[in-house]
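Structure record follows, encoded as structure tokens.
Every chain is numbered from 1 and lettered A, B, ... according to where its sequence line falls, protein lines coming before strand lines.
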Protein chains: 2
Amino acid sequence: MSETPADTPKRQRAPSKRALQTKARVLDAAETVFSIKGFDGATIRDIAAEAGEPVGTIHHHGGGKERLYHQAVARRAGPLAERRLAALAAVKAAGDVTIERVLTAFCSPFFDLAQEDPVWRCYARLVAQVSADSRWREIRAAHFDPAFEVFLEELSALLPDVPRRHIVATFVFSVSALLALLTSRDRIGEFEAGDIQDTEDLRSLIRFCAGGMAAG
Amino acid sequence: MSETPADTPKRQRAPSKRALQTKARVLDAAETVFSIKGFDGATIRDIAAEAGEPVGTIHHHGGGKERLYHQAVARRAGPLAERRLAALAAVKAAGDVTIERVLTAFCSPFFDLAQEDPVWRCYARLVAQVSADSRWREIRAAHFDPAFEVFLEELSALLPDVPRRHIVATFVFSVSALLALLTSRDRIGEFEAGDIQDTEDLRSLIRFCAGGMAAG
DNA sequence: GTCTATATGTAGATAGAC
DNA sequence: GTCTATCTACATATAGAC
């Protein structure tokens, strides 16, 4: 197939550089506001204020509140899945595949990104919302489940004698624990204050999930 | 202090039996609607429709949307904590205190209630919302944290050589896993369909959490 | 593409009849 | 205590000027 304009008949010109920057600002603002206030609690006006743009611009680039939410979730889902699968591939290439290493490949990328850039901590809250609300099941199925399946297969191969339902259950528990860690920087600190040694918490998470899975 | 009317100067009469039934219906409806649509997604009109009462009645008994939410969460928090603490006391009375038994005392009551009566499954979704949103931190602190502290002390005593931060982290992970199990009857089923053997899932949860905690 | 003004619906809350 | 009618505010969305 050639790259003639016929491939994208609806869009007559490529968006200008200026327009792309505006759209990125809109999505950044949507991500921030949605992650803090949730889909129903957030308003287009909140997002407009956060982006420093007029209300109409949010609609122009977002295409309505629900489409905007979808786009904000979808934007980082692909890169996240790629990182996870790359980490898993690295573990398999190294040869010594263990439950702990597979779970590390799953958890570390998101954790590292959240450490490097706060926008990923924001995104983690968004993912937690999508994970918790049955209303967004289609988004989950489209953007997150494929990678989950790959990891489930890997874990099943490592635990051939464990019933699949137990593996699935413990993997769901592990995902919820990861999201709990990423979204509640202060939830652990509510009970035990102290220096924020998040890296130590990641090691707690991996040991917890790997130990729990192996206990089956 | 005596039980003179001076103790409750604002309320001149005890509410009638009819009024108490109405209030219970209002709280039941609020619990259902809030648990499905969340605080922001739910409307007073939704709750009125669910209760079969006019809109004004919801305000009269609820005292505004936010107070109504608080009441719905608070209503079952006490009984739940009592069940958990009673189960813990039973374990201690039996003499053989283990991590697995302590976690069972924490998880089983909520799970059993959810099995017996669907309203507790509804309530679990409400608790998950309260647990996930920093907006409701005060509700958590008032209604859930006291029992958490008791269980944390018990676990700390069982694991004297483990840093407290690790114990707190793994307990937070365990709570999130319990809520994931209670709120997502279909989340596990999304990957592995089959007979709904929830009791088997509870055993998975306990083994997972106990194994993960002991792995530290 | 960007921004203003506005149309239309519905939210939470309340005053007052019954 | 219960229910109706209504007030005020703000939501999403869009039409059209620039």
Side-chain angles (χ1 to χ4, degrees), chain A residues 5 8-73 129 135-136, chain B residues 5 8 10-73 129 133 135-136:
Chain A
T8 56
K10 298 294 171 54
R11 188 183 298 159
Q12 305 194 339
R13 281 196 302 277
S16 70
K17 195 174 173 184
R18 171 93 174 75
L20 283 175
Q21 288 175 342
T22 302
K23 170 136 191 175
R25 261 203 313 281
V26 169
L27 279 180
D28 287 342
E31 181 176 55
T32 302
V33 173
F34 279 137
S35 79
I36 294 171
K37 308 182 105 175
F39 179 79
D40 292 310
T43 71
I44 299 287
R45 282 168 176 75
D46 291 334
I47 295 167
E50 174 75 21
E53 298 285 343
V55 178
T57 299
I58 310 300
H59 272 97
H60 180 78
H61 285 94
K65 192 182 181 184
E66 192 151 336
R67 284 171 57 86
L68 183 58
Y69 191 77
H70 274 72
Q71 289 179 66
V73 175
Q129 291 170 22
R135 168 189 206 169
W136 309 118
Chain B
T8 56
K10 298 293 173 55
R11 187 183 298 162
Q12 304 192 341
R13 281 196 303 275
S16 70
K17 193 174 174 182
R18 170 92 172 78
L20 283 176
Q21 288 175 341
T22 302
K23 169 137 192 174
R25 259 204 314 280
V26 168
L27 280 180
D28 287 343
E31 183 177 50
T32 301
V33 174
F34 279 138
S35 79
I36 294 171
K37 307 181 103 175
F39 179 79
D40 293 310
T43 71
I44 299 287
R45 282 167 175 79
D46 290 335
I47 295 168
E50 174 74 22
E53 298 285 343
V55 178
T57 299
I58 310 300
H59 272 98
H60 180 79
H61 285 94
K65 192 181 178 183
E66 192 152 336
R67 283 172 58 88
L68 183 58
Y69 191 76
H70 274 72
Q71 287 179 68
V73 175
Q129 291 169 21
D133 195 335
R135 168 187 206 170
W136 309 118

(request) Return yes if some donor-acceptor pair links the side-chain N/O of B:S35 with the main-chain N/O of B:E31 below 3.5 Å, else return no. (result) yes

(message) A side-chain contact here means heavy atoms from C-beta on lying under 4.5 Å apart; do B:I47 and B:T32 qualify?
(response) no

(message) If I take atom NE2 from residue B:H61 and atom CD from residue B:Q71, how far apart are they, to the nearest 0.5 angstrom?
(response) 10.0 Å

(message) Can you confirm whether A:D40 sits close enough to A:R135 that some side-chain heavy atom of one is under 4.5 Å from a side-chain heavy atom of the other?
(response) yes

(message) Below 30° counts as parallel, above 60° as perpendicular, anything between as tilted: where do the rings of A:F34 and A:F39 land?
(response) parallel

(request) Determine, for nucleotides 12-18 of chain C in 5'-to-3' order, which nucleotides have protein heavy atoms under 4.0 Å from the base (write B), from only the sugar-phosphate (write S), or from neither (write -). (result) BBB----

(message) Tell me whether the side-chain N/O atoms of B:T22 come closer than 4.0 Å to OP1 or OP2 in D:dT2.
(response) yes

(message) Using the side-chain heavy atoms of B:P54, tell me which of these nucleotides is nearest: D:dT4, C:dT2, C:dC3.
(response) D:dT4

(request) Would you mind reading off the distance between B:I58 atom CD1 and D:dT4 atom P, rounded to a whole angstrom? (result) 13 Å

